[in-house]
Amino acid sequence: MTDSGEIHERAGQRRYSTCGELRPEHIGRTVTLKGWVNRRRDHGGLIFLDLRDRYGITQVVANPQHSPESHRVAETVRNEYVLSVTGTVTARPAGTENPAMATGAIEVQAEQIEVLNPAKTPPFYINEDTEVDETLRLEFRYLDLRRERMQRNLILRHRVVKFIRDYLDARDFIEIETPHLVKSTPEGARDYVVPSRIHPGHFYALPQSPQQLKQLLMVAGMDRYYQIARCFRDEDQRADRQPEFTQLDLEMSFVDTEDVMALTEGLFTALFEKLASKPILQKPFPRLTYAEAMLRYGSDKPDLRFGMEIGDVTDIVAQSAFGVFANTVQSGGVVRGIAVPGQADISRSQVDQVTEQARTFGAKGLVWIGLQAGDGGELTPRSPVAKFLSPDEIAGMAERLGAGPGDLMLLVADQAPVAANVLGRLRVSLGHALGLVNTGVHAFCWITEMPFFEWDEEHRRWEAAHHPFTSPMDEDLDILESDPGRARAKAYDIVLDGYELGSGSIRIHRRDVQNKIFELMGYDDAEIERRFGHLLRAFEYGAPPHGGIAPGIDRVVMILAGEENIREVIAFPKNQSAQDLMLGAPSPIDQAQLDELHIALKLPKPAGA
RNA sequence: GGAGGCGUGGUGUAGUGGCCUAACAUGCAGCCCUGUCAAGGCUGAGAUCGCGGGUUCGAAUCCCGUCGCUUCCGCCA
């Protein structure tokens, strides 16, 4: 911005310099800087002021001999005062340059300092990157956002979104806004609802995603649509989940899975090569079927930045003298395990900890076997159950899991989904605890052939695993009814560093097929018409085959920023109780407002009443 | 709904039954200081240890309850 020596000029604004742009080529110029006092160093005579804005920090010198008036003002200013400083850009005296600062070769000799606004002492440090209680940060978010870390994150977020827009624009996508006041769809997440004043007793819902609307845009012939879409879900929070969040929602006509995946992969590859500080581990992105991911990683969002893959040893121990293994296999279960490198000599208390962890993940127990190198090079097992296992069984398991001398084997015997889940979580937990995760790279992967249905134990029925508009795989059409648990969908998830970035699918575009799916899910005709009539009707008027995906923008930016919490990349996030601590939302509304909306409150009794 | 962690001057921490009349750093206020950049020096103010109850001769510390924040599980078509 300053390569030409020209000072940045903003349209419609009086000319002044930012605190990040002055360089030696500007020496001799008279400039005006506007910004916040980052620090003041008062030497009695000289006073140094570090003036800060979004662009950087510039040192201002108030010299009583040069300008007694500005020195007098500089004595009164404090941190976070807003100043307008006019002065001359000068070279710093030899030996006092600061190479750590972008503007460290120069300084501005103040000729006039105007206090545009004084400031109270802030409740936490703005000029230091120290941990501060998040409640306080959120309450004073406008001060928190002044801090360098948050400025960096929000600027990064802007660049990500800008990149995405440019990338998709260059590929014939158009951005279309869809409404925020839409119709409630009770399946899936809970809706945030908005009462209608004009229609007493009727409510809008805020969209959980623009899913149906973007499909209707395909019917409308928009061909390629995207939106940086705000989505709302009234569910409990996590470090990577907020009640309102932003998705890159996109949809394409006349495509199959490969087209959507290629577009998405191209976008993320280009985006990360432009904006990430770490390389992508594998290009093209590895693909795993859902079944394979569950088997090898015990998760549908595997972190491929480290190994420690799960191995299945069911066949090896099916006839074992160790009853837990043999009985589990007998009753249709599996025995699977992971090898933990270098942990053969794990302490008893550590084993107890890991076992307890496994229990919280749903395991009945955890078998551990430390493999110590014997004198003759053979493996000596160290385990409370070693006496029940034959040397062949132990050697076989070690080979299957890739465990060698010095390693620890952890084994779970249970039904396959439980064993996968427990080991998948142990893998992640231990991988991080033992520093096995290569945090110097980003690892993308695709999960394909997702299951079509999921059994909903609570409602005793089959639910769409992705959403009910997803197309089944052609080869599984005939088992949809006979064996719904085995049917697969034309759905794919994109996964990054162990986070699910987004899900996509090829949609159903024919009314008869969509109807069939709703019927399989247990809806009768009246209910189908009431809930989805608009979509089904649209399908009768020439709906093209179409599909898309919706990666989470917040998660992408979070990972790019190296943050572990989504709140760090959202300007005004909610806390875990879904409150905005700065605005004080949600809040009660007056009786007059309630009356106008025809709403009577039925509040829970206060505790203890 | 459930489980864990945390809660001590403005901020970040230490203190885990008596040495606490609560420490350290930073910030804040005042004074000194003309080349600092986390400036430096001196002085000072600032905490009913989240709240309530209990155990004890004695509680920041132990117990019970409660509130707040947070992480995870459930939940998130």
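In the text below, chain A, chain B and the rest are named by the order of the sequence lines, each starting its count at 1. Because the structure is a prediction, the values reported are computed rather than measured. FYI, side chains are in, hydrogens and waters are out, and symmetry mates aren't considered; it's all heavy atoms of this structure.
Among the heavy atoms of the strands lying under 4.0 Å from A:Q59 is at least one base atom, whether or not backbone atoms are also near. Across all strands shown, A:L136 has heavy atoms under 4.0 Å from sugar-phosphate atoms exclusively, and none from any base.
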Check the interface with nucleotides 25-30 of chain B: list each N/O to N/O pair with the protein under 3.5 Å, or write none.
from, atom 1, to, atom 2, distance (Å)
B:rU26, O2', A:Y125, OH, 2.8
B:rU26, O2, A:Y125, OH, 2.8
B:rA29, OP1, A:R78, NE, 3.1
B:rG30, OP2, A:R78, NH2, 3.3

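Under the salt bridge (charged side-chain N to carboxylate O under 4.0 Å, His left out) criterion, A:E519 pairs with no residue, sequence neighbours left out. Applying the side-chain contact (heavy atoms from CB on, under 4.5 Å) test to A:P573 and every residue at least two apart in sequence or in another chain returns A:L138, A:R141, A:Q242, A:R567, A:I570. Every residue was checked against the salt bridge (charged side-chain N to carboxylate O under 4.0 Å, His left out) condition with A:D493, not counting sequence neighbours, and none meets it. Residues passing the salt bridge (charged side-chain N to carboxylate O under 4.0 Å, His left out) test with A:R78: none are found, sequence neighbours excluded. Residues forming a side-chain contact (heavy atoms from CB on, under 4.5 Å) with A:A578 (at least two apart in sequence, or on another chain): A:Y192, A:Q237, A:P243. With sequence neighbours excluded, the residues that form a side-chain contact (heavy atoms from CB on, under 4.5 Å) with A:A487 are A:F452, A:D476, A:I479, A:L480. Partners of A:T448 under the side-chain contact (heavy atoms from CB on, under 4.5 Å) rule, at least two apart in sequence or in another chain, are A:M261, A:T289, A:W446.
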Per-nucleotide protein contact string for nucleotides 68-75 of chain B (B base, S sugar-phosphate only, - none; heavy atom under 4.0 Å): -SBBSBBB

Per-nucleotide protein contact string for nucleotides 46-52 of chain B, where B marks a base within reach and S marks sugar-phosphate only (heavy atoms under 4.0 Å, - for neither): -------

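Residues from residues 64-74 of chain A with heavy atoms under 4.0 angstrom of RNA chain B, sorted by number: A:Q65.
Looking at RNA chain B, the stems built from 3 or more consecutive Watson-Crick or G-U wobble pairs, each pair with its key distances under 3.5 Å, are B:1-7 with B:67-73, B:10-13 with B:23-26, B:28-32 with B:40-44, B:50-54 with B:62-66.
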